[in-house]
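Letters go in sequence order (proteins before strands), and every chain restarts at 1. For clarity, every value in this text was computed on a predicted model and none was experimentally measured.
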Amino acid sequence: MKQSKWFSVRTELTQKQVVTLSVMSFIIPLLLWSLISYVPFIWHPKMEISEPGAVSYFNKGMLIDKEDFYREVDNLEGTGKPLPKGDPANPVYLPAPHEVAAAFYKAFTTPPKRQEEKWLHESLWDSIQVIFWGFFLSSLVGVPLGILAGTYSVASKLYEPFIEFFRYLPAPAFGALAVAILGIHDAPKIAIIFIGTFFQQVLVISNTTRRLDPSLLEAALTLGAKNVTLLFRVVVPGIITNVYKDLRILLGWAWTYLIVAELIGTSSGITWFITQQARYKNFDNVFAAIIIIGIIGLTTDILLAKLGKRLFRWEKNNAATA
Amino acid sequence: MTKIELPSYLEQSDAVRDRFERLKKRPVILEVENLYKEFDTPTGKVTALKDINFKTYKREFVCVIGPSGCGKSTLVRTLAGLETQSSGRVLLDGKEVQGPGPDRGMVFQGYTLFPWLTVKKNVMFGLQMTGHSRVTAEEEAFQWIDLVGLSKFANSYPHQLSGGMKQRVAIARALANQPRILLMDEPFGALDAQTRAKMQAYLMEIWKNIDITIVFITHDLDEAIYLADRILVLKAHPGEVQEVIEVPVPQPRNPDQFLSPEFLATKKRLEDLIHPPKKEDAEEDRINMVRMVPVDDEVESVF
Ligand SMILES: Nc1ncnc2c1ncn2[C@@H]1O[C@H](COP(=O)(O)OP(=O)(O)OP(=O)(O)O)[C@@H](O)[C@H]1O
Ligand SMILES: [Mg+2]
């Protein structure tokens with residue numbers, strides 16, 4: 001294989017370059033985070049007290065603004081009393097990578113504080129179920145409606161203007177309403193995910209449907225296809241790969257509605273875990289939980305991409321499913 | 001071009017004349033009467049077709065030729081029922097046709113194979129649409145795929161095929177429905193010269209062996225003369241029939257005839273009718289290029 005350049009317009013990179021870049025895209029932010037966490041003279045606006053000295057309100061392990069720390073040191077200077085000692089530190093809301101890594105393990109192995117509360121993995125499972133049902137129900141209605149709107153002008157004119165209007169209404173605004181109608185448990189949360197996904201979904205899918213190459217429809221017509229067969233034998237298979245790709249993107253959006261959705265009614269799932277941990281100031285656990293959401297999202301997407309390659313073998317180099 | 005005295009393109013040998021006489025005694029399969037087509041565009045009405053009249057006899061091969069934008073595609077799409085004429089009639093076997101149907105097969109320049117179906121399933125598509133069961137459709141499809149020499153690729157997807165192969169599948173797919181007439185809109189326009197020549201030979205072979213009438217759009221003069229019994233020459237703005245030429249080159253055709261006097265005479269006539277002549281265009285371009293591109297004079301010019 002000839003040596004390939006890194007920058008040339010719309011050219012595929014080699015497998016090796018792809019892997020390198022993908023790894024780098026994770027390494028770079030991690031490196032920045034490590035720099036800020038481990039290099040004492042970068043940022044570190046706080047001091048962690050190692051010896052309180054003669055300052056009455058200092059305790060060992062306490063975090064204090066640098067400014068305050070040095071003022072106390074200045075005050076004590078020359079009095080002969082023991083000076084406080086400390087190390088530069090970051091605020092409690094920015095734990096170092098290793099602390100978050102430890103929290104990963106700890107979060108799954110620490111039993112909940114109270115009997116009736118849930119383990120982290122149980123909370124996660126609740127969240128996944130809310131996402132799944134919200135997205136599944138939305139797709140069940142949204143995909144057919146989108147395809148119909150993209151195929152028949154009647155359908156498009158009948159409901160697209162309203163959907164166009166409705167999609168500007170922020171889903172969380174319906175939270176109180178959803179609780180009033182659907183109770184305080186999972187139903188209103190699923191409803192929020194549904195509202196957040198559905199309206200965009202219809203419009204995205206109808207747009208994808210309209211992009212189907214019209215000459216395929218013409219070819220089918222000259223081969224004797226009629227209305228309904230045209231829809232099921234040409235339109236649907238013709239757009240399915242792009243619809244699948246759209247759904248993958250929309251699923252990502254659904255996740256972004258999760259936190260808001262779970263705050264509605266009784267807080268639950270991963271959101272409950274995060275808010276709980278933030279209240280205890282266990283920010284390492286908070287970070288761990290946020291990263292877990294990212295990992296779940298990315299893993300699902302990669303799995304779906306793989307599945308897409310399996311399902312749509314006719315796709316040329318699987319561009320639509322990559 | 002050489003200064004050989006060419007015969008008139010109207011001069012036909014006895015065999016050719018006899019053939020045309022027999023041809024015209026055959027039943028008329030397609031008849032176009034006073035066909036007009038206007039498009040409404042933001043800048044006003046465009047008349048794409050004006051008063052088109054012609055007949056096609058059974059098993060005839062008609063080529064339609066004309067400058068770019070003269071309405072060739074519009075004509076063939078109207079015949080297929082993909083465009084609705086502004087006025088006039090299209091009769092197939094004496095009956096007026098409306099809308100697209102499997103009785104008029106169509107092959108497009110862009111292949112238009114269904115990318116999600118294998119070669120076999122593509123060919124089966126029309127058969128299943130017109131009421132064949134899966135089993136019979138499959139059997140028939142295999143025969144047509146065999147006819148175009150793609151048996152080995154029956155289970156390949158279109159993206160795995162070359163342009164020429166794709167177009168052969170498209171032809172098989174259109175023929176499988178056993179249409180009364182096969183409409184082809186510059187089907188070989190996207191192929192390289194060699195593949196194109198091969199495809200022309202293929203098409204001739206198929207046409208000779210099955211009962212099919214073909215209306216073939218092209219802007220390539222050689223292609224038109226090589227393939228056609230008669231050539232319908234259109235002129236642009238608006239698209240009108242300029243002349244219907246009976247090609248005096250004897251059948252069966254072969255590539256050696258490209259330099260025969262009848263062939264060249266016909267070509268001369270077509271070139272006169274269609275301005276600007278394509279072939280010379282290309283040559284002029286090349287000459288200009290040589291003159292205009294500054295040459296890095298490492299060696300002396302030999303001109
Ligand atoms: N859908 C359309 N709307 C408006 N004008 C159109 C439409 N289709 C074709 N035309 C016009 O009709 C005329 C004939 O077009 P057509 O595509 O039939 O030409 P053509 O002979 O096939 O050209 P080419 O050799 O480039 O394929 C052109 O002037 C074109 O601008
Ligand atoms: Mg055209």
Side-chain angles (χ1 to χ4, degrees), chain A residues 10 12 143 146-147 150-154 205 208-248 304-305 307-322, chain B residues 73 76-77 79-83 97-119 121-132 137 141 155-161 166 169-185:
Chain A
R10 282 233 161 195
E12 295 291 323
V143 173
I147 293 177
T151 312
Y152 302 109
S153 300
V154 179
I205 302 289
T208 296
T209 310
R210 283 193 196 99
R211 286 208 317 269
L212 176 69
D213 181 0
S215 63
L216 291 180
L217 294 173
E218 291 181 345
L221 283 170
T222 64
L223 291 167
K226 292 268 154 54
N227 238 325
V228 179
T229 36
L230 204 57
L231 178 63
F232 286 104
R233 298 289 305 274
V234 183
V235 176
V236 172
I239 59 169
I240 191 111
T241 51
N242 284 330
V243 166
Y244 187 79
K245 192 178 151 202
D246 288 342
L247 289 182
R248 276 171 54 200
L304 288 176
L307 182 68
K309 269 187 190 167
R310 272 279 162 85
L311 289 176
F312 311 123
R313 270 178 304 135
W314 66 82
E315 268 299 299
K316 190 175 186 177
N317 61 42
N318 271 303
T321 49
Chain B
S73 296
V76 80
R77 286 170 57 81
L79 299 182
L82 297 172
E83 302 275 4
V97 289
Q98 245 134 21
D103 49 357
R104 284 146 294 147
M106 176 119 178
V107 176
F108 303 80
Q109 178 173 358
Y111 317 126
T112 64
L113 297 178
F114 304 120
W116 59 91
L117 297 178
T118 58
V119 167
K121 294 256 173 71
N122 259 288
V123 178
M124 282 166 67
F125 184 93
L127 290 163
Q128 284 179 303
M129 289 296 128
T130 51
H132 287 71
N155 291 315
S156 303
Y157 284 102
H159 80 259
Q160 298 167 310
L161 307 180
K166 275 186 216 168
V169 178
I171 292 170
R173 183 178 68 173
L175 288 176
N177 259 4
Q178 308 216 327
R180 301 289 295 147
I181 187 160
L182 181 65
L183 308 166
M184 306 179 89
D185 189 358

| field | Contacting region of B/L127 [heavy-atom separation from chain A under 4.5 Å] | value |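 When you check distances to chain A, no heavy atom of B/L127 falls under 4.5 Å.
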| task | Can you tell which part of B/Q128 gets under 4.5 Å to a heavy atom of chain A, answering side chain, backbone, both or neither? | result |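 When you check distances to chain A, only side chain atoms of B/Q128 fall under 4.5 Å.
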| With a 4.5 Å heavy-atom cut-off, do B/Y157 and B/N122 have their side chains touching? |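 Sidechains of B/N122 and B/Y157: no contact.
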| message | If the condition is side chain to side chain contact (heavy atoms under 4.5 Å, CB included), which residues does B/E83 pass it with, not counting sequence neighbours? | response |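 Listed in chain order: B/K37, B/F39, B/R77, B/T78.
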| message | With chain B as the partner, which of A/A225, A/G238, A/P237, A/S215 has the greatest number of non-hydrogen pairs under 4.5 Å? | response |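 Counting heavy-atom pairs under 4.5 Å, the top option is A/P237.
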| Would A/V143 and A/L247 satisfy side-chain contact (heavy atoms from CB on, under 4.5 Å), going step by step from the backbone distance to the final call? | CA-CA 9 Å; A/V143 173; A/L247 289 182; 4.0 Å; yes
| When heavy-atom pairs shorter than 4.5 Å are enumerated against chain A, which of B/P115, B/G110, B/A80, B/G101 gives the highest number? |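 Highest number of pairs under 4.5 Å: B/P115.
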| field | Residues forming a side chain to side chain donor-acceptor pair (under 3.5 Å) with B/S73, sequence neighbours excluded | value |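 Residues passing side chain to side chain donor-acceptor pair (under 3.5 Å) with B/S73: B/D185.
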